[in-house]
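The next block holds one structure in the form of structure tokens; read it before the comments.
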Amino acid sequence: MTHHFTQTCAYFTAARYMRAVEQLADQVYAPTGMKPAYAYIMMALEDTHPQTIMQLSTTLGYERSSISRMVKTLAAQQLVTLTAQGRATSIDLAPASAAFLKTANDCLIKFGQRTDDLLGATKAPMTDLLTENNLKLREDFK
């Protein structure tokens, strides 16, 4: 039996792509001193703040426990403030976040340019399909 999963399996091909794009993102976001996920949390907060852990989890697609762990790291770096609100935790930008966000936004632009150069005309339809298919899969989880 010959397997074709390296070209046809949604899980395998997405994971392989994710490993490659993660290596690129790690390089581009290195000036932040943190993994790219931390920059995306900060930029999501820059767009709308404050937010709860649950709101960030829904927006970014990470587990609540992962968001909680990452925002605690950001709080330790004095980039965000955490405020208990009953059972929820509110996260807001701290004054020291401005410099980090400047760097993160510069990295986002550089990453966009780099992936535009590498992926060319296939980037936009790919990201559209990934977004659409992610929504379909998430609906199946409900």
Side-chain angles (χ1 to χ4, degrees), residues 1-85 88-142:
M1 174 179 189
T2 301
H3 296 97
H4 301 282
F5 66 90
T6 61
Q7 288 83 36
T8 60
C9 175
Y11 171 77
F12 182 85
T13 56
R16 180 178 54 199
Y17 176 81
M18 187 58 202
R19 288 188 294 273
V21 80
E22 192 165 19
Q23 287 178 331
L24 178 61
D26 285 347
Q27 290 173 2
V28 173
Y29 282 89
T32 67
M34 303 180 105
K35 289 289 213 177
Y38 292 92
Y40 289 116
I41 289 171
M42 293 295 291
M43 290 184 285
L45 286 168
E46 184 177 36
D47 290 343
T48 305
H49 62 96
Q51 290 190 54
T52 64
I53 288 173
M54 188 61 182
Q55 288 169 320
L56 281 171
S57 175
T58 300
T59 298
L60 299 175
Y62 287 103
E63 294 294 325
R64 280 191 339 235
S65 59
S66 297
I67 293 290
S68 179
R69 176 182 48 77
M70 287 188 278
V71 298
K72 286 177 184 172
T73 299
L74 291 167
Q77 298 287 323
Q78 299 181 331
L79 297 172
V80 299
T81 59
L82 306 177
T83 307
Q85 294 180 326
T89 299
S90 178
I91 305 115
D92 206 349
L93 297 172
S97 66
F100 181 91
L101 281 165
K102 167 77 171 96
T103 303
N105 282 296
D106 289 347
C107 292
L108 179 63
I109 292 166
K110 183 177 179 183
F111 188 75
Q113 292 168 340
R114 188 89 184 272
T115 54
D116 285 349
D117 292 344
L118 291 168
L119 302 175
T122 64
K123 179 183 168 183
M126 178 198 62
T127 56
D128 289 345
L129 282 170
L130 286 170
T131 300
E132 179 182 331
N133 288 337
N134 178 59
L135 293 172
K136 290 176 186 176
L137 291 172
R138 290 198 171 279
E139 279 298 313
D140 190 57
F141 297 149
K142 290 181 180 180

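Because the structure is predicted, anything quoted here is derived from the model rather than measured. Below, all heavy atoms of this structure are taken into account, side chains as well, without hydrogens, waters or symmetry copies.
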T59 and Q51: side chain to side chain contact (heavy atoms under 4.5 Å, CB included), yes or no, with the steps?
CA-CA 10 Å; T59 298; Q51 290 190 54; 4.0 Å; yes

Any chance NZ of K123 has more than 12 other-residue heavy atoms, nucleotides or ligands included, within less than 6.0 Å?
yes

Run K110 and D106 through salt bridge (charged side-chain N to carboxylate O under 4.0 Å, His left out) and show every step you take.
CA-CA 6 Å; K110 183 177 179 183; D106 289 347; over 6 Å; no

Identify the heavy atoms of Y29 and A104 that sit nearest to each other, and give their distance.
CE2-O, 3.9 Å

Let me confirm one number: the CG-CE distance from L101 to M43, rounded to the nearest 0.5 Å.
8.0 Å

Find the distance between CE (M18) and CD (Q23) and round it off to the nearest 0.5 Å.
11.0 Å

Under the side-chain hydrogen bond (donor to acceptor under 3.5 Å, both in side chains) rule, what pairs show up with a residue in residues 68-85, not counting sequence neighbours?
none

For F12, enumerate each residue passing the ring-ring contact (aromatic ring centres under 6.0 Å, His included) test, keeping only those at least two apart in sequence or located in another chain.
F5

Side-chain donor/acceptor of N134 to backbone N/O of L130, under 3.5 Å
no

Any side-chain heavy atom of T13 sitting closer than 4.5 Å to one from Q7?
no

Taking C-beta and beyond as the side chain, do L118 and L24 meet within less than 4.5 Å on heavy atoms?
yes

Measure the shortest side-chain to side-chain distance between L56 and L45 over non-hydrogen atoms and say whether it is less than 4.5 angstrom.
yes

Kindly compute the distance separating CE (M42) from CG (L108), expressed to the nearest 0.5 Å.
14.0 Å

Run the side chain to side chain contact (heavy atoms under 4.5 Å, CB included) test on L82 and L74 for me, step by step, so that the C-alpha distance in whole Å, both residues' side-chain angles and the decisive distance to 0.1 Å come before the verdict.
CA-CA 10 Å; L82 306 177; L74 291 167; over 6 Å; no

Please report the shortest heavy-atom distance between F100 and Y38, naming the atom on each side.
CE2-O, 4.3 Å

So, the side chain of S57 versus the backbone of I53: is there a donor-acceptor pair under 3.5 Å, distance only?
no

E63, CD: over 12 other non-hydrogen atoms inside 6.0 angstrom:
no

Against I41, only a single residue in M70, M34, E46 fulfils side-chain contact (heavy atoms from CB on, under 4.5 Å); can you say which?
M70

CZ (R16) with more than 12 external heavy atoms under 6.0 Å:
yes

Main-chain N/O of S90 paired with T52 side-chain donor or acceptor, under 3.5 Å:
no

Please report the closest heavy-atom contact between A37 and Y62, naming both atoms and the distance.
CB-OH, 3.2 Å

Strictly distance-based, threshold 3.5 Å: is any side-chain N or O of T48 a donor or acceptor partner for the main-chain N or O of A44?
no

Spacing of K136 atom NZ and N133 atom CG [to the nearest 0.5 Å]
5.0 Å

Spacing of CG belonging to D116 relative to CZ belonging to R114, to within rounding of 0.5 Å
12.0 Å

